[in-house]
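Just below is one structure, and these are the notes that go with it.
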Amino acid sequence: MKQLDYDVVVIGGGPAGMAAALKAKEKGATVAVIERNDELGGILNQCIHSGFGLSYFKQELTGPEYAELFINQVAAAGIDIFLKTMVIDLNPEHQVKAMNEDGMLVLAAGAIVLAMGCRERTRGAIKIPGSRPAGVLTAGLAQRYVNIENRKPGERIVILGSGDIGLIMARRLTLEGMQVLGVYELMPYANGLYRNIKNCLDDFDIPLHLSTTVTNIIGHPHLEAIEVARVDENLAVIEATREVIACDTLLLSIGLIPENELSQKSGVSLNPRTNGPLVNETLETDQPGIFACGNVLHVHDLVDNVTLEAEQAGEAAADYALQQKAAATVKATRLADNKVAITISPGENVGYTVPAKLSVPSQKATRILFRVRQPMDQAAVVIQAGTKILYQSKTRAFKPSVMEAVVLKPEEINGLNGIEKTITVSVREVK
Amino acid sequence: MNHYDIIIIGGGITGTAIARECSKYQLTAALLERGTDIGIGATKGNGGVVHPGYDPTPGSLKAKINVRGANLYPQLARDLNFGIINPGIFVIGFSDADEAVLKHKLEFGIKNGVRDLAIIDASQMRNREPHLAADAKNALYAPTATVVDPFEVAIAFAENAKANGVDILTSQPVIAIKKRADGRFQLITPDQQFSCSYIVNAAGNHADEVARLAGITEYQMKPRHGDLLVLDKDMVNKPQTVMFPCPGPDTKGIACIPTVHGNTIVGSTATMVDDKEAVNNYGPGIQALIDGIHKILPELDAGKIIRTFAGLRPVVLDNNNDFFIAESQTVTGFIHAAGIQSPGVASAPAIAEQVRDLLDNAGLKIVPKSDYNPYREKSIDFDALSMAEQDALIHQNPAYGRIVCRCETVTEGEIIAAIHGEIPARTLDAIKRRTRAGMGRCQSGFCQYKVIAILSRELGMPVSDICLEDRGSQMLCGPVKGGAK
């Protein structure tokens with residue numbers, strides 16, 4: 001059994017893991033990245049469409065191209081890369097148990113970066129009635145089959161859910177000669193990015209049916225048809241609108257869930273609103289020295305944002321590990337900082353915030369990410385402590401599909417003296 | 001044409017238990033299963049509770065068989081190396097009227113010989129189950145009750161039977177049965193013919209159709225459908241006990257069932273249906289399960305549902321919900337093991353003994369084999385090994401160092417072993433039942449393509465021929481672009 005020692009161990013070699021590892025290495029830490037697949041890049045490798053990198057690299061790249069830019073840097077940086085290696089346990093003492101074809105290994109780390117990504121919600125989660133035939137699969141799995149395995153899942157396709165992967169796949173399957181009959185969305189608005197509705201559905205005349213869902217799955221042993229129906233404003237099925245559509249494939253694009261099985265093994269507390277770890281402004285979880293970034297923390301719409309977030313986590317992890325090491329050599333303990341902890345709480349029309357905690361006074365600007373619950377045409381972000389307004393944005397439109405970011409300057413928060421223990425992020429309609 | 005003393009029709013938990021029983025004696029036997037794997041009818045559509053036997057009317061055949069079968073399970077689990085847990089059962093009363101029913105069940109249970117039954121009060125219940133509904137007053141507690149994974153049990157029975165000489169044949173639907181002049185039966189499947197002296201009909205929901213093939217019209221059957229839910233292993237405040245509400249006249253009610261693997265099952269509804277293939281989930285049924293279990297566990301998180309499934313209980317009509325285990329009155333040598341609805345899992349081992357006795361009565365010589373081996377080796381469960389054992393195993397075979405299913409920590413080595421096992425797994429679902437690959441919270445979203453590739457490689461079949469379960473359930477069609485393998 002192999003035993004190894006690093007300042008920072010990054011779990012996951014997708015875009016988050018690679019950016020975190022590079023930043024940690026740049027700060028002078030010894031770094032290992034552990035990746036379960038046979039190459040770095042994560043899910044980007046199967047995202048062969050373009051649209052990546054517009055904000056980070058200021059150019060439009062495909063998923064594999066975006067990944068490659070990081071893979072090359074990681075390879076050149078002197079970071080130890082473990083491929084085809086699966087982490088099976090992580091404890092609060094930063095001990096990582098992993099395995100690969102060479103056997104079991106144990107890595108001891110000064111700090112950990114969680115970057116395991118997310119998984120797709122499945123049929124069971126939304127409890128669609130009907131038979132359980134072949135031909136029902138998640139959009140991401142279909143993407144794997146078509147783009148990597150070179151296999152068609154079927155010929156006549158219906159997509160449930162207007163998440164971005166489903167929209168991308170609607171276009172992809174159409175380009176590959178399959179017939180995409182329509183995209184059905186339970187909510188009265190689309191869940192994917194506007195540009196994807198435009199480029200992937202509208203440009204290919206694929207209908208998007210809002211306030212409509214799949215109410216039955218028909219066929220055994222293979223899918224033969226689905227039943228769809230419109231829903232009212234309470235999301236209840238309108239009986240008279242039930243309609244059967246013949247198809248051989250149903251793709252589900254009904255949401256993503258951060259993969260936090262390992263985080264939980266290490267004792268990290270999760271935010272029930274994001275299913276990701278509760279983190280402070282350095283992206284540190286409530287387990288000291290364990291940081292999180294990317295889709296394991298909260299589901300992002302753009303990889304560029306993942307990269308930025310991961311760089312922050314990688315830097316913080318390296319700082320933590322190196323400080324701990326320095327402190328250990330002089331037999332001192334980590335400086336107890338004289339700071340006040342503030343809870344950031346989602347207010348009106350805000351689903352969640354990352355981070356959920358920050359501490360003041362702060363020398364650095366704090367970036368708060370969040371999503372709105374409902375679309376709003378004329379609204380503004382308002383951040384307040386009690387009745388005191390700390391920040392107010394310009395008036396504009398907001399959509400749940402877009403992740404929002406507000407940067408609070410130190411002077412905007414350092415006035416908080418601990419009497420107000422909570423600040424609230426709201427998005428309010430402006431008349 | 002292959003001749004056997006006995007042919008068992010149907011490879012569910014009943015048929016495979018009978019096959020194993022037959023394998024103990026000096027006789028020849030085969031089991032014919034119409035599906036692509038064993039244990040894929042009613043056996044895979046239930047909650048796995050080994051009911052201890054307080055339900056059946058004292059003195060009935062069902063009472064005797066149920067209690068005997070349940071008592072055999074702990075030893076069977078040791079001999080055959082299948083998973084078993086002992087969570088016990090609460091049958092929960094919410095009113096004075098319920099209490100009368102519980103006392104009645106207690107009395108039945110004591111008369112039937114169920115051990116250690118007791119009525120317990122609310123505080124005793126809450127000691128074990130702190131999240132129980134506030135209005136739960138008392139319960140019949142059956143501490144001996146166990147839970148198994150029914151398809152694991154059927155596979156274990158079948159593998160042990162096969163190791164002891166019984167032929168287990170899948171994809172063999174019997175389409176014709178003739179009684180020949182020499183008194184032997186001739187059985188025809190789409191691609192083979194068999195002859196035998198005795199037939200055991202364990203065809204589940206199709207037992208009446210199989211009987212009719214032999215000219216027997218002694219009973220008719222109809223399925224009683226049930227919806228079930230599976231909840232994630234990581235659900236907080238998981239129940240430790242199987243908990244039923246005090247039953248109504250037709251059903252045991254909606255229960256929570258801790259499983260061998262750490263999930264929780266909620267089941268099941270009970271609706272008589274006409275279609276014997278309709279293992280569909282019904283929307284109202286799923287809602288009834290959620291509403292029903294919230295009466296027992298009001299805080300149970302329905303957001304932790306990872307899968308819904310359904311089963312059809314085989315019910316012989318006009319038979320007081322009893323089993324139909326008897327030799328045919330019109331065709332000698334034809335034994336029915338039909339109508340095995342609840343408690344079919346508990347009863348299976350005792351039904352097998354009963355069938356053996358019926359065969360004995362019917363004139364078959366039952367002589368024990370000296371070389372019968374009652375034990376089944378456990379296949380490797382990587383996740384259950386110590387780290388040193390895992391390390392040694394990988395060094396011996398690197399396929400065990402490749403994780404395929406990350407949710408359930410299943411390695412390629414385990415999948416290859418299942419494909420080449422005693423009863424070979426040839427479909428995605430067959431792999432899932434043996435290894436749990438695809439059974440976790442991502443429901444095969446990450447591992448399905450890998451399992452398809454492994455099946456394709458190991459079986460020498462194109463990926464487009466790999467099925468989910470039944471014939472015609474191919475997962476993929478042709479290549480996106482020409483020229484792919």
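Per chain, numbering begins at 1; letters A, B, ... match sequence-line order.
- For A/I218, no part sits under 4.5 Å from any heavy atom of chain B, backbone or side chain.
- Using a 4.5 Å cut-off between heavy atoms, A/D102 touches chain B through its backbone atoms (N, CA, C, O) alone.
- For A/R121, no part lies near chain B; criterion is any non-hydrogen pair under 4.5 Å.
- Residues A/R132 and B/V279 are in side-chain contact: their nearest non-hydrogen atoms beyond the backbone lie under 4.5 Å apart.
- Interface residues of residues 259-267 of chain A toward chain B, defined by a heavy-atom distance below 4.5 Å and sorted by number: A/E259, A/E261, A/Q264.
- For the set A/G219, A/A125, A/G124, A/G135, the count of heavy-atom pairs under 4.5 angstrom toward chain B peaks at A/G124.
- Closest approach of B/G472 and A/H222 over heavy atoms only: O-CB, 3.5 Å.
- In terms of heavy-atom pairs under 4.5 angstrom with chain B, the leader among A/T85, A/T138, A/V146 is A/V146.
- Between chain A and the options B/V230, B/I394, B/D383, the largest number of non-hydrogen pairs under 4.5 Å is found for B/I394.
- Taking A/K97, A/R144, A/K84 one by one and counting their heavy-atom pairs under 4.5 Å with chain B, the maximum is reached by A/R144.
- Between chain A and the residues B/D234, B/D232, B/N281, the most heavy-atom pairs under 4.5 angstrom are made by B/N281.
- Note: A/E101 CD to B/N397 CG = 10.0 Å, rounded to the nearest 0.5 Å.
- By the 4.5 Å heavy-atom criterion applied to side chains, A/M99 and B/F382 are counted as neighbours.
- Residues B/Q390 and A/I88 are in side-chain contact: their nearest non-hydrogen atoms beyond the backbone lie under 4.5 Å apart.
- No side-chain heavy atom of A/E149 sits less than 4.5 Å from a side-chain heavy atom of B/I452.
- Here the shortest heavy-atom pairing between B/L468 and A/A134 reads CD2-N, 3.6 Å.
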Inset, instruction - List the steps and the verdict of side chain to side chain contact (heavy atoms under 4.5 Å, CB included) for B/M387 and A/M1. - result: CA-CA 9 Å; B/M387 204 170 169; A/M1 217 171 324; 3.7 Å; yes

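- To the nearest 0.5 Å, atoms CZ (B/R307) and OG1 (A/T122) are separated by 8.5 Å.
- Contact check for B/Q443 versus A/R123: no side-chain heavy atoms found under the 4.5 Å cut-off.
- The local environment of CZ in B/R457 is crowded, with over 12 non-hydrogen atoms from other residues, nucleotides or ligands closer than 6.0 Å.
- Considering every non-hydrogen atom in both A/C118 and B/F446, the closest pair reads O-CZ, 3.5 Å.
- Among B/R471, B/M475, B/R402, the residue making the largest number of heavy-atom pairs under 4.5 Å with chain A is B/R402.
- Contact annotation: the side chain of A/Y145 approaches that of B/Q448 to within less than 4.5 Å [non-hydrogen atoms, C-beta and beyond].
- Using a 4.5 Å heavy-atom threshold, the side chains of B/R441 and A/I257 count as separate.
- The candidate from A/K2, A/M178, A/M86 with the greatest count of non-hydrogen atom pairs under 4.5 Å with chain B is A/M86.
- Among B/K304, B/E277, B/H395, B/Q287, the residue with the largest count of heavy-atom pairs under 4.5 Å with chain A is B/H395.
- When all heavy atoms are compared, the tightest approach of A/P153 to B/C477 is C-SG, 4.1 Å.
- At a threshold of 4.5 Å between non-hydrogen side-chain atoms, the residues B/R406 and A/R36 count as touching.
- Contact tally against chain A (heavy-atom pairs below 4.5 Å) for B/S473, B/C467, B/P398: the top residue is B/S473.
- Highest contact tally toward chain B, considering only A/P133, A/G140, A/G103, is held by A/G103 [criterion: heavy-atom pairs under 4.5 Å].
- Nearest approach of B/A302 to A/K127, heavy atoms of both residues: O-NZ, 4.3 Å.
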